[in-house]
There are 2 protein chains.
Amino acid sequence: MSTKSYHHGDLRQALLEAAEAELTETGLEGFSLRKVARRAGVSHAAPAHHFKDTAGLLTALCAVGYRRFVALQKQRQAVTPLDARSQQIAAGLGYIDFADENTALFRLMFGSRLPDFENADNAAAMSDAYLHLAKGVGASVEDNGPPDQQMMIDISATWAIAHGLADLLSSGRLHMVGSLTGPKRDEVLSGIIARCLPER
Amino acid sequence: MSTKSYHHGDLRQALLEAAEAELTETGLEGFSLRKVARRAGVSHAAPAHHFKDTAGLLTALCAVGYRRFVALQKQRQAVTPLDARSQQIAAGLGYIDFADENTALFRLMFGSRLPDFENADNAAAMSDAYLHLAKGVGASVEDNGPPDQQMMIDISATWAIAHGLADLLSSGRLHMVGSLTGPKRDEVLSGIIARCLPER
DNA sequence: GATCCTATCTTTTCACTGTCAAGATTTGGA
DNA sequence: TCCAAATCTTGACAGTGAAAAGATAGGATC
């Protein structure tokens, strides 16, 4: 099934990988379904059998992105003290990690209307990502009853600061902080994120 | 020069307006130079004489956006107490106003690589926007000497929270805050922005 | 094992797009 | 008046996404 058979074997996965590679190289602006097909070594109409159309392919890729997005946050949190505040900051750093390392995917997920956000699988992946954020904020405040307005504000603030930093950094607009690296960078970013966390 | 002459009169301006209208209707994903030309009532090749290509048109539109962007911030600031902290919060609300009322343009300015950000006019408009932000932050802290690291951090934090709120709200992801309107909305957003301002 | 059904992939076709080159029209100044 | 430059149109070309129809392979059933 590898070298030259008519049937590819796992074209769906191969197309997803080709699409992501294409996305990181040319950006969303230069993205082309036919180029993805060429990169995967199949005819230009082959993708239609696994993903209905371009939007379908990008929707599937979007879901992959959201899962990796949560994974990177958890990866940061796994090496961080367990108190709620530290965990929340770590999640924010993971948010920024994702945008840095997967800029094209990040743009697709948060800056495009091409993917179908109503699609079941994609919506589930997005929901998981949101719940992970909300759960983190909820843990850092007394967790009583239904989410009140104060908690919604805390969630919004936490989300907004992480997202704002991630978006501006990944698009190369925060030259001052963007030029920092390593622990110093983490320290500065942590300080900024901490400003927005619910007060203890 | 109005009804049917061969020469349009002010096609450049008409194309800019048509492009913005097209952008808000179809979004950046469905944008087409030929549709813009049709909307302006000229042939498909006419735009090339005023803007080299699609990127050129979007670059010019981008510059228009940055100027309106600053104008909306100043508009908020004009009806706000003059203390530095209130002014900074007002600028943030203007930032969000712009994203809300000019979502397509906002996406073009901050979420696309199509415009040429090295273009002189566009770069100047962007620089003005950045300087307006930096000046505001500088005024809210003791203004001595060259910008030190702490001020760069304050600028980054202020920018990030405004940008994060604007981007998430304009893309309809912050349902909780997004559903608020009027003074209540301003109050909540102001509270969130205030968290990120330099401490007095 | 032979047969047939279905999933998978290719080929062909069509309308649309951006860009370029060449021609037509108008304007404004010499 | 006349000509050069600016402005706009027409025509052409390669590339694109999507749909339809044909080709091939895998797997189930008998």
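Sequence lines set the chain letters: A, B, ... in the order given, protein chains first and strands last, and positions in each chain run from 1.
Rounding to whole angstrom units, CD of residue E22(B) and P of dC16(C) are separated by 15 Å. At whole-Å resolution of the value, CG in L57(B) and C1' in dT19(C) are 14 Å apart. Note: NZ (K52(B)) to C1' (dA21(C)) measures 16 Å, nearest angstrom. The CG atom of L11(A) sits 19 Å away from the P atom of dT24(D) (whole-angstrom rounding). Atom-to-atom, CZ of F51(A) to P of dG17(D) comes out at 15 Å; the value is rounded to the nearest Å. Per the geometry, CG belonging to L15(A) stands 12 Å off P belonging to dT8(C), to the nearest Å. R39(B) places its CZ atom 17 Å from the C1' atom of dT17(C), with the value rounded to the nearest Å. For the pair H49(B) NE2 and dA21(C) C1', the computed distance is 10 Å after rounding to whole Å.
Closest contact between the side chain of D53(B) and the listed nucleotides dT19(C), dT9(D), dT10(C) involves dT19(C). Residue A45(B) places its side chain closer to dA21(C) than to any other of dC8(D), dA21(C), dT11(C). Closest to the side chain of A46(A), out of dC9(C), dT19(C), dC8(D), is dC9(C).
When atom types are taken as modelled, the side chain of Q88(B) and the backbone of L197(B) share no donor-acceptor pair closer than 3.5 angstrom.
Contacts of D53(B) classified as salt bridge (Lys or Arg N to Asp or Glu O under 4.0 Å), with partners at least two apart in sequence or in another chain: none.
Within the 6.0 Å centre-distance limit, the rings of F110(B) and Y66(B) are counted as a close aromatic pair. For F69(B) and Y95(B), the ring centers are positioned less than 6.0 Å apart.
Exactly one residue among H175(B), R173(B), M176(B) makes a side-chain contact (heavy atoms from CB on, under 4.5 Å) with S156(A). That residue is M176(B).
Summarising the geometry of E29(A) relative to S112(B), their closest heavy-atom pair is OE1-OG, 3.4 Å, with the distance given to 0.1 Å.
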Pairs: protein N or O with nucleotides 12-16 of chain D N or O, under 3.5 Å:
from: dT16(D); atom 1: OP2; to: R38(A); atom 2: NH2; distance (Å): 3.3

- Item | side chain to side chain contact (heavy atoms under 4.5 Å, CB included) evaluation trace for V42(B) with H49(B) | CA-CA 12 Å; V42(B) 293; H49(B) 297 272; over 6 Å; no
